[in-house]
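I'd like to ask you about the structure that follows.
Numbered from 1 within each chain, the chains take letters A, B, ... in sequence-line order.
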Amino acid sequence: MAQVAYQFRPPEYFALTLFGLAMLASISDGGAMKNLIGGIFGVWLATIGADQVTAVERFMFGNYELYEGLNFIPVMIGLFAMSELLVQSTKINQVIETIKMKAVQLPSWADYRKIRGTVARSCGIGTFIGILPAEGATVASMIGYSEAKRWSKNKHEFGKGAIEGVAGAETANNAATGGAMVPTLVLGIPGSATAAVIIVGLMVHGLRPGPYLFEQQVDKVYAIFGAMLAANIMFLVLGLYGAKAFARVTLVPRQILWPIVFALAIVGAYSLNQAMLDVYLVLIFGVVGFLMRRFGFAVAPVAIGLILGEMLETNLQNSLKMLDGKWWEIFTQPLAALFLILAFITIMRPFFTYMSSKTKTVPTPFNE
Amino acid sequence: MDLPSFAAVAIPAFFGIFTDPYLLGLILLTTVAGVIIGALPGLGATTGAALLLPFTLTMDPVYAITVLTTIYCSATFAGAITAILINTPGTPRRRPQRSTDFRWRSAVKPAARLGSRLSPPRLAGFSRSSPLPSARR
């Protein structure tokens with residue numbers, strides 16, 4: 001592990017970050033362009049504030065509260081929480097029909113035997129999809145579902161409550177959370193939208209995810225693993241005994257739920273630095289996120305771009321200094337060149353598949 | 001850092017989670033919160049983690065990370081409750097399965113996560129034994 005960490009100098013980090021950004025294109029074929037636009041927008045947001053090396057002020061418009069750049073937390077709250085609130089507010093008049101449900105029953109032993117293979121398969125699929133940078137639980141559950149269907153003996157039951165379908169999708173979904181933590185902690189590239197938020201949480205505490213984290217903060221990394229295991233055991237118990245109670249939570253009226261979210265978002269943002277700027281950032285990025293969603297963009301690429309943008313810029317500047325301004329020498333570093341080639345392939349892949357198939361694929365928005 | 005000294009730090013940190021009563025209580029609390037967040041329509045793991053982020057700032061780093069990862073895991077798990085009961089768009093599943101499927105839900109997923117640790121027969125011991133429901137359409 002230590003040797004790997006020493007291999008990663010600024011050029012390698014730069015290429016790796018670029019690869020992480022390029023992965024945004026692979027989330028779905030149809031939405032590749034929109035995800036990349038979102039990612040680039042995030043990178044641009046990361047340039048706001050003073051340049052870290054030359055201290056040139058950029059996009060600050062004389063506002064010195066922006067000198068250190070955008071505070072990530074209010075941006076995250078705005079993009080994810082506030083925009084969701086605005087999306088929900090468009091559905092406020094929707095009538096929710098409730099259907100009667102029989103008592104919650106747990107699967108029998110025969111059911112477990114039936115899904116054993118599906119669960120094992122989806123576990124692998126989910127972990128693998130989770131490990132891929134920027135691909136989250138949603139993609140994993142879709143692939144888990146279609147694979148379960150492909151392998152199943154009774155395909156006609158799918159879509160009508162086949163237990164394999166549920167197991168396939170949900171196992172993959174859950175396995176992806178563990179997988180997503182791998183690129184997040186090892187490389188510092190968010191494995192999913194939530195992992196992006198977790199990276200921000202780590203950075204606030206001065207923990208910079210990446211190879212050095214394993215070198216210097218081993219105890220924290222293993223505490224995370226322990227916590228994930230403990231959480232999984234706890235919601236196994238909670239899920240088994242409290243499923244009925246939690247099912248009722250879905251009936252909470254929107255008119256009560258979302259005002260609470262609004263208050264939490266604003267109070268949370270203000271409490272960071274007691275600065276009104278953070279509150280304005282929440283509101284601005286709430287509207288930005290809402291508009292993006294209305295026009296079919298996903299907000300997660302913006303968050304990922306914002307996190308990676310800072311890394312990208314710092315590492316590019318450091319490697320230029322290291323290589324005496326000869327940027328082409330980045331390609332002569334073997335590891336960096338490898339990541340750059342991977343990034344190129346990832347970006348070009350949707351075009352190749354489009355050219356070869358000539359059929360338009362249905363876009364699946366990156367949404368968690 | 002060589003392997004023995006790596007393990008010397010890693011293993012106590014890993015099991016330290018299970019011996020710290022305050023941390024275990026925190027995990028229990030956030031698991032409940034995370035399941036509720038995940039089950040609420042519209043709120044998910046990402047939104048929940050973003051909302052709770054400011055509240056973790058004053059905590060000890062290990063506790064803060066624990067809270068965030070716990071929310072992530074449990075809200076992702078509970079997202080299935082919404083997906084199946086009220087059919088949130090974006091899930092690959094379709095309408096007719098709602099009520100039938102819910103009963104599978106609760107046990108299937110944790111079983112998967114812990115697949116290697118708890119064998120199916122053991123899990124079955126937890127469940128109320130019921131014959132295969134005929135309600136499956």
Study note, to complete from the structure: Applying a strict 4.5 Å limit to non-hydrogen atoms, the region of A:Leu85 in contact with chain B is neither
Check your understanding: Do you know which of B:Thr31, B:Thr70, B:Thr58 has the most heavy-atom pairs under 4.5 Å to chain A?
Key -> B:Thr31
**Study point:** A:Phe235 vs A:Asn174 side-chain heavy atoms within contact, under 4.5 Å
**Key:** yes
Point to revise | Residue selection (most heavy-atom pairs with chain B, distance under 4.5 Å) from A:Leu207, A:Val221, A:Leu272 | key: A:Leu272
**Study point:** B:Thr76 and A:Thr177 side chains, donor-acceptor separation under 3.5 Å
**Key:** no
Check your understanding: Heavy-atom distance under 4.5 Å to chain B: side chain of A:Ile198, backbone, both or neither?
Key -> both
Revision key, fill the gap. When the 4.5 angstrom heavy-atom criterion is applied to B:Leu52 and chain A, the contacting part is neither
Review point. Among A:Ala81, A:Gly268, A:Ala223, which has the most heavy-atom pairs under 4.5 Å with chain B?
Key: A:Ala223
Exercise for review: Determine whether B:Thr66 and B:Leu23 make a side-chain contact, defined as any pair of heavy atoms from C-beta on separated by less than 4.5 Å.
Suggested key: yes
Review point. Is any side-chain heavy atom of A:Glu147 less than 4.5 Å from a side-chain heavy atom of A:Ser122?
Key: no
Check your understanding: Which region of A:Leu264, side chain (C-beta onward) or backbone (N, CA, C, O), has a non-hydrogen atom less than 4.5 Å from a non-hydrogen atom of chain B, or is it both or neither?
Key -> both
Point to revise | Contacting moiety of B:Ile65, where chain A heavy atoms sit under 4.5 Å | key: side chain
Review point. Do side-chain atoms of A:His205 reach the backbone of B:Thr56 as a donor and acceptor pair under 3.5 angstrom?
Key: yes
Review point. Relative to each other, are the rings of B:Tyr22 and B:Tyr63 parallel, tilted or perpendicular (30° and 60° limits)?
Key: tilted
**Study point:** Which atoms of A:Val261 approach chain B - backbone, side chain, both or neither, heavy atom under 4.5 Å
**Key:** both
**Study point:** Which atoms of B:Val67 approach chain A - backbone, side chain, both or neither, heavy atom under 4.5 Å
**Key:** neither
Review point. How about B:Tyr72 and A:Ser192: does a side-chain donor come under 3.5 Å of a side-chain acceptor?
Key: yes
Exercise for review: Heavy-atom distances under 4.5 Å only: say whether A:Met181 touches chain B with side chain, backbone, both or neither.
Suggested key: side chain
Exercise for review: Identify which of A:Gly226, A:Ala195, A:Gly126 forms the greatest number of heavy-atom pairs closer than 4.5 Å to chain B.
Suggested key: A:Gly226
Point to revise | Side-chain (A:Thr184) to main-chain (A:Gly191) donor-acceptor, under 3.5 angstrom | key: yes
Exercise for review: Mind checking the CD1-OG1 spacing from B:Ile71 to B:Thr30? Nearest 0.5 Å is all I need.
Suggested key: 5.5 Å
Review point. Contact part of A:Leu238 toward chain B, heavy-atom cut-off under 4.5 Å: side chain, backbone, both or neither?
Key: side chain
Revision key, fill the gap. Of the listed A:Leu257, A:Leu202, A:Leu79, the one with the largest count of heavy-atom pairs under 4.5 Å with chain B is A:Leu257
Check your understanding: Going through the checks in order, is the side-chain contact (heavy atoms from CB on, under 4.5 Å) test met by A:Met76 and A:Phe285?
Key -> CA-CA 8 Å; A:Met76 296 280 164; A:Phe285 281 98; over 6 Å; no
Check your understanding: Between B:Leu26, B:Leu68, B:Leu53, which shows the greatest number of heavy-atom pairs under 4.5 Å with chain A?
Key -> B:Leu53
Practice item. For each of B:Val32, B:Leu57, B:Ile36, tally heavy-atom pairs with chain A at distances under 4.5 Å, and name the one with the top tally. Key: B:Leu57
